[in-house]
Amino acid sequence: SVYEEVSRIRDHLIKVIRDLRKEGIRAKVPPLGVMIEIPSCVQLIPKLGKLADFFCVGSNDLLQYYMACDRNNHSVNHLYRWHHPPFLMALADIAQKCENVSTDVSICGEMAGELWGSLVLIGLGYQNLSMDKRTLAVHHRLISQCQTGKLQRLIKKLLDCETSLEALETM
């Protein structure tokens with residue numbers, strides 16, 4: 001949730017590798033990844049990009065925290081929808097920030113496993129999607145038939161929507 005956590009972990013990894021090498025064990029520092037699951041991490045991407053080898057967006061938790069809703073609370077779980085325009089804007093911002101720091105980003109969570117969700121994510125610039133292996137073949141067929149330009153035009157329309165219902169109707 002803060003820069004210091006990632007910095008300390010990186011320093012600790014380097015220390016462990018040095019200690020192993022002193023003992024004659026051949027080891028190298030493993031790639032360090034950062035999960036983007038809370039809103040504070042989004043703003044840290046430019047700084048964390050100096051420490052992290054890759055990012056992974058945890059869309060379930062990020063959506064829950066970003067929209068201030070508990071997906072298991074019936075009073076507010078209507079807000080737990082990945083197609084809310086502010087959440088799509090956040091995902092677009094994350095993809096752009098990762099591109100700006102030349103750091104790979106992947107995404108995991110329910111959104112990537114939904115057909116429309118995976119198409120929207122590709123249109124936003126995500127290239128690595130994590131999903132249940134049972135849906136992989138269907139997604140592969142769908143994605144292989146899509147044109148990136150059309151998806152990017154759809155994304156522009158979605159980002160201009162004012163409500164999640166409008167976004168759904170746009171899809």
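Heads up: numbering here begins at 1 and tracks the sequence. This structure is a prediction, so every number in the text was calculated from the model and none was measured.
Looking only at side-chain heavy atoms (C-beta outward), Y80 and D70 stay at 4.5 Å or farther from each other. L129 has its side chain within reach of I122: a pair of non-hydrogen atoms, C-beta onward, lies under 4.5 Å apart. Side-chain contact between S106 and S130 is absent, with no heavy-atom pair separated by less than 4.5 Å. For the pair I143 and S118, the minimum side-chain heavy-atom distance is below 4.5 Å. Contact annotation: the side chain of V57 never approaches that of C108 to less than 4.5 Å [non-hydrogen atoms, C-beta and beyond]. Between I36 and I94 there is a side-chain heavy-atom pair separated by less than 4.5 Å. Looking at W116 and L154, their side chains come closer than 4.5 Å, going by heavy atoms from C-beta outward. Annotation: side chain of Y3 is in contact with side chain of L51 (closest heavy-atom distance under 4.5 Å).
In this structure, the separation between NE2 on H84 and CG on L158 is 13.5 Å, given to the nearest 0.5 Å. To the nearest 0.5 angstrom, D93 atom CG is 6.0 Å from Q43 atom CD. Residue L88 holds its CG atom at 8.5 Å from CG of L121, rounded to the nearest 0.5 Å. Summarising the geometry, atom CE belonging to M111 is positioned 5.5 Å from atom CG belonging to L91; distances are rounded to the nearest 0.5 Å. How far CD1 of I17 is from CD1 of I14: 9.5 Å, rounded to the nearest 0.5 Å. In this structure, H83 NE2 and C161 SG are separated by 11.0 Å, a value rounded to the nearest 0.5 Å.
Heavy-atom minimum distance, S164 versus P85: N-CD, 3.8 Å. When all heavy atoms of P39 and L62 are compared, the closest pair comes out as N-CD1, 3.9 Å. Taking all atoms of both residues into account, the shortest heavy-atom contact from S144 to R141 is OG-O, 2.9 Å. Heavy atoms only, all atoms of each residue included: V101 and F55 are closest at CG2-CE1, 4.5 Å. What you find for F87 and S59 is that their closest heavy atoms are CZ-O, 3.9 Å. Considering every non-hydrogen atom in both V42 and K97, the closest pair reads O-CD, 3.5 Å.
Residue-environment remark: CD (E166) exceeds the threshold of 12 foreign heavy atoms within 6.0 Å. H12 NE2: 12 or fewer foreign heavy atoms inside a 6.0 Å radius. Enclosure of atom CG in D61 by more than 12 non-hydrogen atoms of other residues, nucleotides or ligands within 6.0 angstrom is indicated. Surrounding CZ of R18 are at most 12 heavy atoms belonging to other residues, nucleotides or ligands under 6.0 Å away.
Cluster membership for V105 and M35, using ILVMFWY side-chain heavy atoms within less than 4.5 angstrom, is not shared. Residues V2 and L32 do not share a hydrophobic cluster, clusters being chains of Ile/Leu/Val/Met/Phe/Trp/Tyr side chains in contact below 4.5 Å. A continuous path of ILVMFWY side-chain contacts below 4.5 Å connects L63 to M171, so both sit in one hydrophobic cluster. Hydrophobic clustering (side-chain heavy atoms under 4.5 Å, transitive across Ile, Leu, Val, Met, Phe, Trp, Tyr) keeps L165 apart from V76. L13 is connected to V34 through a chain of hydrophobic side-chain contacts under 4.5 Å among Ile, Leu, Val, Met, Phe, Trp and Tyr, so both are in one cluster.
Under a 3.5 Å cut-off, the side chain of R21 and the backbone N or O of A27 do form a donor-acceptor pair. D53 places no side-chain N or O within 3.5 Å of a backbone atom of G33 that could act as its donor or acceptor partner.
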Open item on the list: Under the criterion side chain to side chain contact (heavy atoms under 4.5 Å, CB included), I'd like the reasoning laid out for V138 against L115: C-alpha separation, chi angles, the key distance, then a yes or no.
Closed with: CA-CA 8 Å; V138 174; L115 292 176; 3.8 Å; yes
- [ ] Applying side chain to side chain contact (heavy atoms under 4.5 Å, CB included), run through K150 and C146 and close with a yes or a no.
- [x] CA-CA 8 Å; K150 287 183 179 181; C146 288; over 6 Å; no
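Defined by atom type and a distance below 3.5 Å, a donor-acceptor pair is present between the side-chain atoms of N100 and Q96. Remark: the E114 side chain and the W82 side chain contain an N/O donor-acceptor pair separated by less than 3.5 Å.
Alongside I38, the hydrophobic cluster contains Y65 (criterion: ILVMFWY side chains under 4.5 Å).
By the salt bridge (charged side-chain N to carboxylate O under 4.0 Å, His left out) test, R134 is found to be paired with D132, residues two or more places apart in sequence or in another chain being considered. With sequence neighbours left out, the side-chain hydrogen bond (donor to acceptor under 3.5 Å, both in side chains) criterion links K15 to D19.
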